[in-house]
Participant: 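Have a look at this one.
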Amino acid sequence: MDRLSSFLLRRLRHVQRREIRRLAVRNGLLMMTTAIVDGHVVGRYVPAFDPSHLTGEVERDRQWVRDRLAAFLIDAPQDASGRPALLSAGPVWPKQLRRRLVGIGTDDDALAYAVRVVAEAGEVLGIKTMATVLLLAAAMEESGVELRDLVACLRQPAGVFAVQVFVEGFERALPHLVEDTPFVPFGPYVGMAADFTFVDELWSYVEGQAKRVFLQIPVAKSYRLSSSAMRAQLLWALAQGSPVLAVAETHQGVPDQVDLTSDVRLTGGGINITFLADLLEAVYGHDAVSRHDGLIAVIDAGALTLDDLAIAVRPGRPILSSIEALVGLAVHNREERDNEKDKGDAASLRRLITQSPSERATQSSQDRSGKGDSASSSAGNRRSKAKPTGAEVIQPVPADGETPGKCRPPLLVETLTGYGAAKDWALGVKADLADYLAGDLAWSDMSTKLLLSGPPGTGKTTFARAMCNSLRIPLVVTSVSTWLQGEYLNAVLDRMANTFAEARAQAPCILFIDEIDGIGTRVSASRQYADYWNACVNKLLELLDGAVKSEGVIVVGATNRPNEIDEAIRRSGRLETHIDIPRPDIPALAGILAHHLGADLDVVAKSDTQDGGQP
């Protein structure tokens with residue numbers, strides 16, 4: 001778990017336990033006293049019960065407090081005036097504790113331990129709340145937003161926040177985190193929906209306390225508002241100094257009026273294996289997760305929702321039961337989504353995958369020439385209407401043929417020299433691909449994303465062509481500089497999306513992205529052209545992270561400068577495998593010369609011997 005996620009979860013636990021201690025004081029379970037520390041008068045909590053009943057075993061003591069003092073940990077109901085009704089008549093003390101309320105006479109360590117146990121016993125682990133915090137932390141990391149900048153915007157009046165995280169249920173969960181917990185500073189908050197009349201006030205007296213009003217714009221409901229109505233609501237809220245929060249969980253995105261005026265813009269890819277491991281670690285601890293990391297790795301994380309997490313992961317439940325439930329829910333969700341897809345498209349994809357390379361090449365030529373059947377002609381028409389991507393599609397050289405125009409065998413991964421781990425990775429993919437096409441291996445179980453780095457001239461493009469020939473699948477070649485030829489940002493993003501769509505149409509295939517360091521890294525929103533470059537990085541993260549289905553596409557990114565690539569691009573689920581190709585040594589150079597000289601190698605060797613050289 002990274003530092004930001006760990007810090008935000010600690011804050012969540014801290015504010016929850018702080019509220020529990022205050023509630024326990026209101027209900028009479030704890031008392032407030034004063035003490036002098038270094039000459040300063042400070043307040044502290046002490047138990048109103050006899051702590052001698054506690055054994056020192058934390059888990060056992062927590063359960064003891066829950067069993068006997070649960071009534072003191074429940075929020076007090078309120079009367080008609082909004083005041084707690086239990087101020088005069090609190091919960092009834094158990095008989096075994098009632099006679100010990102006066103004259104506790106216990107040391108400070110025991111009192112502090114008792115207060116801690118009370119706070120922990122009243123804590124309720126809200127899985128959806130914890131998951132929302134982790135998703136928020138991941139979105140901050142991916143968007144390059146520093147915590148200090150986010151807090152500074154929260155401190156100011158009339159801040160505008162746009163958050164887009166591709167997880168079902170996030171639109172409801174984030175406002176719940178803001179309104180129903182003290183997690184977000186400078187609150188408490190109460191949201192006013194944008195599709196209702198906005199109140200003309202900065203603070204509102206709700207549930208017995210003053211709360212800071214913010215304008216809430218869930219994208220799922222934004223269709224109710226016209227453009228003029230949205231501007232009127234924004235103007236009204238910002239004029240009153242109220243914050244504005246727009247939340248999206250789909251690719252529809254937040255409304256333009258909010259997006260163009262936002263002070264903080266967060267975008268997150270959604271649920272993945274790293275996220276699940278962090279969530280399970282927060283509930284069960286690091287050791288329990290490390291013992292079952294192999295089982296966690298097989299979960300189809302992208303198919304899960306926030307509700308699924310709350311159903312599967314519950315406090316007190318064994319971790320194996322939670323993992324088993326997550327696996328089952330992911331399979332169930334994936335099957336439901338697959339059944340909703342168009343039957344014809346699914347049949348076409350299966351037919352394409354099972355075709356031989358020669359059949360695919362024939363089908364592709366028929367599509368381009370317009371001589372195929374009506375379905376093929378329709379697909380060809382759709383491709384012809386798509387915007388150009390600049391990508392080149394290369395078909396594998398026949399296994400028994402020669403490199404076109406050159407009298408030497410085709411370039412294969414098996415014959416490459418000097419590639420080390422990259423060669424091993426490619427051969428592993430070749431074996432896995434055969435199992436995948438035979439139906440014995442799921443695509444999600446394969447290693448299909450690679451970042452290839454090395455100095456110029458070390459053969460990164462050659463490696464991609466050799467993979468094409470060895471795996472007997474097409475090679476789609478593009479580069480970041482090709483994407484950036486778009487005149488405007490929308491054109492650049494379209495080229496990126498259309499390139500991945502073109503690769504999916506060739507599946508199974510290899511998508512080779514050269515000069516991938518040109519996509520850059522995300523920068524602070526205050527930097528010049530930050531919106532442009534951040535949008536490009538976020539789009540690539542979206543395309544790599546499975547938010548757009550990419551089964552059948554092996555992605556290989558090549559760069560001379562791996563340190564200049566955004567860290568999020570190299571995380572799990574994206575270009576997670578990073579292999580460096582060094583400059584060739586003497587044996588590697590000999591192998592390279594042998595391949596390029598081919599049949600001329602013997603002639604060169606004989607010529608060198610005749611001239612007096614060593615054979």
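Computation of the quantities below employed the complete heavy-atom set of this structure, encompassing side-chain atoms and omitting hydrogens, waters and symmetry-equivalent molecules.
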Participant: Report yes if some heavy atom in the side chain of Val163 is under 4.5 Å from a heavy atom in the side chain of Phe170; otherwise report no.
Facilitator: yes
Participant: Looking at every heavy atom in both Gly454 and Asn560, which two are closest together, and how far apart are they?
Facilitator: O-OD1, 3.2 Å
Participant: Checking side chain to side chain contact (heavy atoms under 4.5 Å, CB included) against Leu4, which of Leu136, Leu147, Leu9 comes through?
Facilitator: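 Looking at Leu136, Leu147, Leu9, the match for Leu4 under the side chain to side chain contact (heavy atoms under 4.5 Å, CB included) is Leu147.
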Participant: Enumerate the residue pairs fulfilling ring pair (Phe, Tyr, Trp, His ring centres under 6.0 Å) with a member in residues 317-337, sequence neighbours excluded, ordered by first and then second residue.
Facilitator: none
Participant: Ring pair (Phe, Tyr, Trp, His ring centres under 6.0 Å): which pairs involve residues 443-484, sequence neighbours left out?
Facilitator: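 Pairs touching residues 443-484 that pass the test: Tyr419-Phe463, Tyr436-Trp443.
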Participant: Output all residues satisfying side chain to side chain contact (heavy atoms under 4.5 Å, CB included) with Val283, sequence neighbours left out; order by chain, then residue number.
Facilitator: Ile127, Met130, Val313
Participant: Got Val555 and Ile513 here, is their nearest side-chain heavy-atom distance under 4.5 Å?
Facilitator: yes
Participant: May I ask you to check whether over 12 heavy atoms, not counting those of Glu515, lie within 6.0 Å of atom CD?
Facilitator: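 Counting other residues, nucleotides and ligands, CD of Glu515 exceeds 12 neighbours.
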Participant: Kindly indicate whether the side chain of Trp425, heavy atoms from C-beta on, has any atom under 4.5 Å from the side chain of Leu450.
Facilitator: yes
Participant: Hey, are the side chains of Leu135 and Val167 touching, using non-hydrogen atoms and a 4.5 Å cut-off?
Facilitator: yes
Participant: Tell me, please, which residues at least two apart from Arg571 pass salt bridge (Lys or Arg N to Asp or Glu O under 4.0 Å).
Facilitator: Glu141
Participant: List the residues meeting side chain to side chain donor-acceptor pair (under 3.5 Å) with Glu502, not counting sequence neighbours, and say none if there are none.
Facilitator: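 Residues passing side chain to side chain donor-acceptor pair (under 3.5 Å) with Glu502: Thr389.
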Participant: Using 4.0 Å as the upper bound for N to carboxylate O, is an ion pair formed by Glu542 and Lys539?
Facilitator: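 Looking at Lys539 and Glu542, the cut-off is met.
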Participant: Determine whether Leu544 and Leu575 make a side-chain contact, defined as any pair of heavy atoms from C-beta on separated by less than 4.5 Å.
Facilitator: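 Yes, their side chains come closer than 4.5 Å.
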Participant: List, one per line, each side-chain donor-acceptor pair under 3.5 Å for residues 289-303, sequence neighbours excluded.
Facilitator:
{"from": "Ser290", "atom 1": "OG", "to": "His286", "atom 2": "O", "distance (Å)": "3.3"}
{"from": "Ser290", "atom 1": "OG", "to": "Asp287", "atom 2": "O", "distance (Å)": "2.8"}
{"from": "His292", "atom 1": "ND1", "to": "Ala288", "atom 2": "O", "distance (Å)": "2.8"}
{"from": "Asp300", "atom 1": "OD1", "to": "Arg334", "atom 2": "NH2", "distance (Å)": "3.1"}
{"from": "Asp300", "atom 1": "OD2", "to": "Arg334", "atom 2": "NE", "distance (Å)": "2.8"}
{"from": "Asp300", "atom 1": "OD2", "to": "Arg334", "atom 2": "NH2", "distance (Å)": "3.1"}

Participant: Side chains of Asp514 and Val480: closer than 4.5 Å at any heavy-atom pair?
Facilitator: no
Participant: Applying side chain to side chain donor-acceptor pair (under 3.5 Å), name anything that partners Asp566, two or more places apart in sequence or on another chain.
Facilitator: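 Side chain to side chain donor-acceptor pair (under 3.5 Å) check on Asp566 returns Arg522.
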Participant: Can you name the nearest heavy-atom pair linking Val429 to Met446, along with the distance?
Facilitator: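 Closest pair (atom of Val429, atom of Met446, distance): O-CE, 4.4 Å.
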Participant: Got a sec, which residues hit side chain to side chain contact (heavy atoms under 4.5 Å, CB included) with Arg561, two or more places apart in sequence or on another chain?
Facilitator: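 In terms of side chain to side chain contact (heavy atoms under 4.5 Å, CB included), with neighbours along the sequence ignored, Arg561 is linked to Asp517, Thr559, Glu564.
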Participant: Going by side chain to side chain donor-acceptor pair (under 3.5 Å), name the residues that satisfy it together with Ser470, two or more places apart in sequence or in a different chain.
Facilitator: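 Per chain and number, Ser470 pairs via side chain to side chain donor-acceptor pair (under 3.5 Å) with Glu414.
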Participant: My understanding is that only residues two or more places apart in sequence, or in another chain, count here; which of them pass side chain to side chain contact (heavy atoms under 4.5 Å, CB included) with Ser5?
Facilitator: Met1, Asp2, Leu134, Ala137
Participant: To check you understand the geometry: which heavy-atom pair defines the closest contact between Thr577 and Ser447, and what is its length?
Facilitator: OG1-OG, 3.6 Å
Participant: In a table with atom names and distances, give each donor-acceptor pair under 3.5 Å that connects a side chain of residues 321-330 to protein atoms at least two apart or in another chain.
Facilitator:
{"from": "Ser322", "atom 1": "OG", "to": "Tyr284", "atom 2": "OH", "distance (Å)": "2.7"}
{"from": "Ser322", "atom 1": "OG", "to": "Ala312", "atom 2": "O", "distance (Å)": "3.2"}

Participant: Restricting to side chain to side chain contact (heavy atoms under 4.5 Å, CB included), what partner residues turn up for Asp435, sequence neighbours left out?
Facilitator: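 By the side chain to side chain contact (heavy atoms under 4.5 Å, CB included) rule, Asp435 matches Asp440, Leu441.
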Participant: Checking Ile554 against Ile473 for the side-chain contact (heavy atoms from CB on, under 4.5 Å) test, could you report, in this order, the C-alpha distance in whole Å, the side-chain angles of both residues, the deciding distance, and whether it holds?
Facilitator: CA-CA 10 Å; Ile554 300 167; Ile473 57 177; 4.1 Å; yes
